[in-house]
Structure formats: structure tokens, C-alpha cells
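Below: the structure, in C-alpha cells.
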Protein chains: 2
Amino acid sequence: MVTSITSDAVRERCAHCPGRSHSICNVIDDDDLPILVAESARVQVAKGRAFIEEGAPAHEFYVLTEGRVKLFNLLPDGRRQIAGFADCGDFLGLAAVDHYAFSAEAICDVTLCRFSHSGIERLTQRFPHLEHRLRDEASRELTIMQRRLVLLGRKTARERLATFLIEQSLPPCCTASDLLEKEEKPIKIKLLMSRTDIADYLGMTIETVSRTLGVFKKEKLITVQGVTAVTLLAPQRLRAIAEGNG
Amino acid sequence: MVTSITSDAVRERCAHCPGRSHSICNVIDDDDLPILVAESARVQVAKGRAFIEEGAPAHEFYVLTEGRVKLFNLLPDGRRQIAGFADCGDFLGLAAVDHYAFSAEAICDVTLCRFSHSGIERLTQRFPHLEHRLRDEASRELTIMQRRLVLLGRKTARERLATFLIEQSLPPCCTASDLLEKEEKPIKIKLLMSRTDIADYLGMTIETVSRTLGVFKKEKLITVQGVTAVTLLAPQRLRAIAEGNG
DNA sequence: TAAGTTCCTTGATCTAGATCAAAAATTATA
DNA sequence: TATAATTTTTGATCTAGATCAAGGAACTTA
């Protein structure tokens, strides 16, 4: 019985999907999930593998359901700019007209739901508010981009790294300084990417990243355990630096 | 007779609108324009006036119908990053979640069509493909943003300015290197913004902009008549520099 | 557990582009 | 048309961050 197979797929695919709640799928009722699943394919990508290639014809969208991905652009001589890191639930592929404007590579083993453009077309026909949700997603991304331009165009290394640390300390979806706590209680974060990735994200070199972290340590703004574990000792102070009041 | 008043408004507002053909309005049939007009208000903004304020609650969208606008962000100490220059037909306001992520200021006297979010809501309800058109607009903007990140994060002053000149030499809508002509015939362009604006757009200082133009002159890559008129003597060569093959 | 990789940090030096300063060109005003 | 204000160019100097070059840590793999 086809229906039961489909709902099995849904149970498997969506029921425990950690992205479900804040991905675009959150505008689809549970009852309608089979329709969504029918238009999507689960894809696994191994750590280090690219699955979107800048300049390639854009025929697909992706919802990241497990793992982490970096989005980037390359110059012919290898200079790299990382546009962002995608987390669980993030939607990939909007930055494309006919061709992808970026490449995407798995930072760790990754699971995705792949939707063809035509599939999404059918879905938006059926669920008009999905189209609105996609626009919303794009607006959210544009907002983030806007802040990144300021960071790359006008901020100092110190300000960039402070921005990055604060950004990493915020819960995934709340991109802005929504939850601005006044108190200076330490925040523990885990840096889930290499120094090279951080440097390419912030438009600087690994040496400057390392040195600036060193400065923050000396100023008792942070503490570093090993390489990836960082404790923000004075988040408000860091936030001030990030905004340019250093 | 109400209908006739409305169609008068349309005749006046849309019939000769230079933005009509490539703005979002191009998905609305001429016959339906009165509905569009009913949801919009014509706004005039004087040169130098800001009409969108970063951080202000976002309740409106704008279609630029006449003139030129700069979109920017400020840091508290006055450092400025210009995200882009909007031309006739451009749609403004997508980079906002609840609050605008940018400020917008008229470079010259400007005319806009203002739509409230709720008005657009009603229009997308009535014309579902308008919603798709808005997403498309957002995708286009995201594509541009992606390239800007590379420029600001990884390109040299020389590369930035070459990119800018090439960009300015392309017709308004064709953002990419769509029309890549192989021949090296000179292209005349007019820079419609001040050196300060160019600098803030490219993430550099006016002095570096000026000096780099000087270098290009010496290298016979360009010729400058007065301050605003520039002739690209070797567009292909400039394009190569822009891409990082300088 | 050791040896090889790879990644990160730290130090020394260099340089692209910023800053500071002033002259030249352009635009505005009277 | 002269003069003042503004904008742009050019020059001299400085510096934030890049580059070059070793050491150390931290993972791999055998």
C-alpha cells in the first residue's frame, strides 16, 4: 500500500528531523508532510565533500538536516571567502539566479533533504504560504549579508573576531542581538570550524585570528580550553567591541 | 466615477514609468495595474534625504521609479559601508526581518512607489506569481551580495576598483558578466556618485580610490574626463584584473 | 606508544593601504 | 566673474595586518 510506505518515509525522514521546527518545513502541516517527502530526496555528504559548485546550473534546493556546511566563493588563485556556515534546518540554494552564486562543502558528515526547483514549484503551488516562507528566508539571509558587508568592509580584525565570537554564542536561529542579556556571565562556546575557516570567514589570515585570540586572552575577555572550546568571560564587553566601541 | 480616476492615476503613474519593465510590477498585467496603484503611494525624496533608517521597524517596500539611491550601514563612530546603489526599477526593503537592515538615502531627487507590507500581502494574495517574483528579486540580491563579500573580504584595492568600473559599465539589470564581449572596444561610463561614496562602497578610502584611478590612467586602462566621465580603454583587461588575474 | 601529519601559535619582517597634510581642480555663491 | 566652499588629487608618513619562518600541540595510523 503506497500510502503507508509514504507515511513510513515521513516517520523516518521528518518525525525526528532536528531541522523540522525552524526549517521551511515548519509551514507544512504534519498531515501534509508526505507531499513534502514525495518531492524530496535524502542525501548524505561526507565530510570535506562539496555538493554545490559555484557557477553550476542551479536546479536544486537543500534543507540541511544534520551536520554543518560551509558556503564559500573562490578567486582563481585560490583566495577564499566563506559567506557563512549553515546549521541544521538551514535552507540552501536561494543565492542563485540560474547558476549557484556559491559553493557548499560539508564540514562534517552531513544529511540533507534535496528538492528540485520544479519540486519546490509544485509545493509552492499547493502551499502558497511556502512561497512566502521562502521569501522570508531570503530576507533573513539578506539581513545577515548586510551585516557581513559592514564586517568585511569596515571592521578591524579585533572587531571582526569579537563579532564572530558573539555570533557563535547566540543560539542558531536568533541571528540578531535578540537576546541581549545585560549581565556579564561567562558563555561557553565550541568553535566547530578550523582556524583557516574562521580566517576565510572574517576576511583575514589564520595568524591574525590566532594573535587576536591571544590578545583577547591577555585582556581576560576570553579563556580558551584546547583549540575549540572558548569561554567568553565578558560577553557585553565583547559585544561592545564587535559594534565598534572597543 | 471612481474607476476612471483610478485609471487616470495608472496612466499617470505607471504608463511612462521607466521602472515598469524590469521592476516587480512587470508580473502584473496592464489591466490589473489599477489594483497595484491602489496599494501604492508615490513618494518624492529630495537629494541627500534618507527615507529608510537602519533599525527602524520595517513596514514598507519601495520601488524606485526615478533617480538613484544609496543603501548603507553605519558603525557608531561614523564608519560607513555602502551595500549598493539602487537604480530605476529596483525594489527596496527585502533586507529586513522586522527592522530594516540598512539605511537608504537619495543621491539625487528621487521618486518612489511606496507599498505597505500589508498592501503587498494583499497583492500577493491576489497575484500569487508576485510572491514568486519577490523571491526571485531576493535571490538576485543574494547573488550580488555573495560577490560583494568576495570583493570586500578578499580583493585588493586594484581588483576592487576594476570590479567597480566593470560593474558600472554594464547595463543596470544585467548584474553578471552576461554580455561578455571579447573585443577591446572602449566603453564610456559616468560615475554617478562621489569619490567618498565609491570608497565606502568598496571598503577603502577616497585617497586609495583616487590613487588607484591614477594608476589605471598611467597603465592606459582608462581615461578620465573631468571627474565623473571615465572611458574604459581595455575592458577585457580590467575584467581580468577584477577577477583576480591582474 | 611512537612517528608522521596536520593544525595552531608565536616571532620577525614587510607592505598595501590608511592616515595626515596640502595643493589643485571643481562647483557653488555672491 | 571673482571668491568662497567643496571635492579631488597628490605627496609624505605610518601602521594594521599580511607574509615568511619556526616551534608546539593535537590528531592519525600503524
Side-chain angles (χ1 to χ4, degrees), chain A residues 46-48 70 75 77-82 107-108 151-165 190-219 222-230 241 244 246, chain B residues 46-48 70 75 77-82 107-108 151-165 190-219 222-230 241 244 246:
Chain A
K47 173 174 176 169
K70 59 186 165 198
L75 286 173
D77 63 358
R79 276 174 288 172
R80 188 176 63 155
Q81 179 59 47
I82 295 185
I107 292 181
C108 53
L151 181 138
L152 294 175
R154 288 308 186 198
K155 286 188 181 178
T156 65
R158 188 178 163 77
E159 290 162 354
R160 290 176 200 211
L161 201 69
T163 307
F164 173 72
L165 291 173
K190 267 244 178 283
L191 302 181
L192 303 165
M193 66 292 284
S194 68
R195 293 290 188 268
T196 304
D197 282 354
I198 297 174
D200 285 350
Y201 179 62
L202 299 178
M204 41 206 258
T205 60
I206 48 169
E207 291 94 332
T208 304
V209 168
S210 198
R211 265 187 263 273
T212 308
L213 281 173
V215 172
F216 284 169
K217 267 194 272 186
K218 227 170 272 171
E219 295 179 0
I222 64 170
T223 267
V224 183
Q225 298 82 43
V227 178
T228 59
V230 178
I241 294 168
Chain B
K47 173 175 178 170
K70 59 186 166 199
L75 286 172
D77 63 359
R79 274 174 289 172
R80 188 176 63 155
Q81 179 60 47
I82 294 185
I107 291 181
C108 53
L151 180 137
L152 294 175
R154 289 306 186 201
K155 286 189 181 177
T156 65
R158 188 177 162 78
E159 290 161 355
R160 290 177 201 210
L161 201 69
T163 308
F164 172 73
L165 291 174
K190 266 248 178 279
L191 302 181
L192 303 163
M193 65 292 284
S194 68
R195 294 289 187 269
T196 305
D197 282 354
I198 297 173
D200 285 350
Y201 179 63
L202 299 177
M204 40 205 259
T205 60
I206 47 169
E207 291 94 332
T208 304
V209 168
S210 195
R211 265 187 264 271
T212 308
L213 281 173
V215 172
F216 285 170
K217 268 193 273 186
K218 227 170 273 171
E219 296 178 1
I222 63 169
T223 267
V224 183
Q225 298 82 41
V227 178
T228 58
V230 179
I241 295 169

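What you see below is based on every heavy atom in this structure, not just the backbone, and it leaves out hydrogens, waters and symmetry mates.
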How far apart are the closest heavy atoms of [X] and [Y], and which atoms are they?
{"X": "A:G244", "Y": "A:E159", "answer": "CA-OE2, 3.5 Å"}
{"X": "B:R154", "Y": "A:R79", "answer": "O-NH1, 3.0 Å"}
{"X": "A:D200", "Y": "A:Q81", "answer": "O-NE2, 3.1 Å"}

In whole Å, what is the span from the [atom1] atom of [X] to the [atom2] atom of [N]?
{"X": "A:L213", "N": "C:dC8", "atom1": "CG", "atom2": "P", "value": "11 Å"}
{"X": "B:I206", "N": "D:dT10", "atom1": "CD1", "atom2": "C1'", "value": "12 Å"}
{"X": "A:R195", "N": "C:dT6", "atom1": "CZ", "atom2": "P", "value": "19 Å"}
{"X": "A:I198", "N": "C:dC7", "atom1": "CD1", "atom2": "C1'", "value": "12 Å"}
{"X": "A:D197", "N": "C:dC7", "atom1": "CG", "atom2": "P", "value": "10 Å"}

- request: Using a 4.0 Å cut-off on protein heavy atoms (strictly under), produce a 5'-to-3' string for nucleotides 14-26 of chain C with B for base contact, S for backbone-only sugar-phosphate contact, and - for none.
  value: ---SSBB-----S
field: By salt bridge (charged side-chain N to carboxylate O under 4.0 Å, His left out) - contacts of B:R211 (at least two apart)
entry: none
- request: Could you pull out all residues at least two apart from B:R195 that satisfy salt bridge (charged side-chain N to carboxylate O under 4.0 Å, His left out)?
  value: none
- request: Please list, chain by chain and in numerical order, all residues satisfying side-chain contact (heavy atoms from CB on, under 4.5 Å) with B:T205, sequence neighbours excluded.
  value: B:E207, B:T208
message: Taking the axis from the first five pairs and the axis from the last five, what angle separates them in the helix from C:dT9-D:dA22 to C:dA30-D:dT1, rounded to 10 degrees?
response: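 The angle separating the two end axes equals 40°.
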query: Are any non-hydrogen side-chain atoms of A:D197 and A:R80 less than 4.5 angstrom apart?
result: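 SC-SC contact between A:D197 and A:R80 confirmed.
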query: Quick one: side-chain hydrogen bond (donor to acceptor under 3.5 Å, both in side chains) partners of A:R158, sequence neighbours excluded?
result: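 Applying side-chain hydrogen bond (donor to acceptor under 3.5 Å, both in side chains) to A:R158 gives A:E219.
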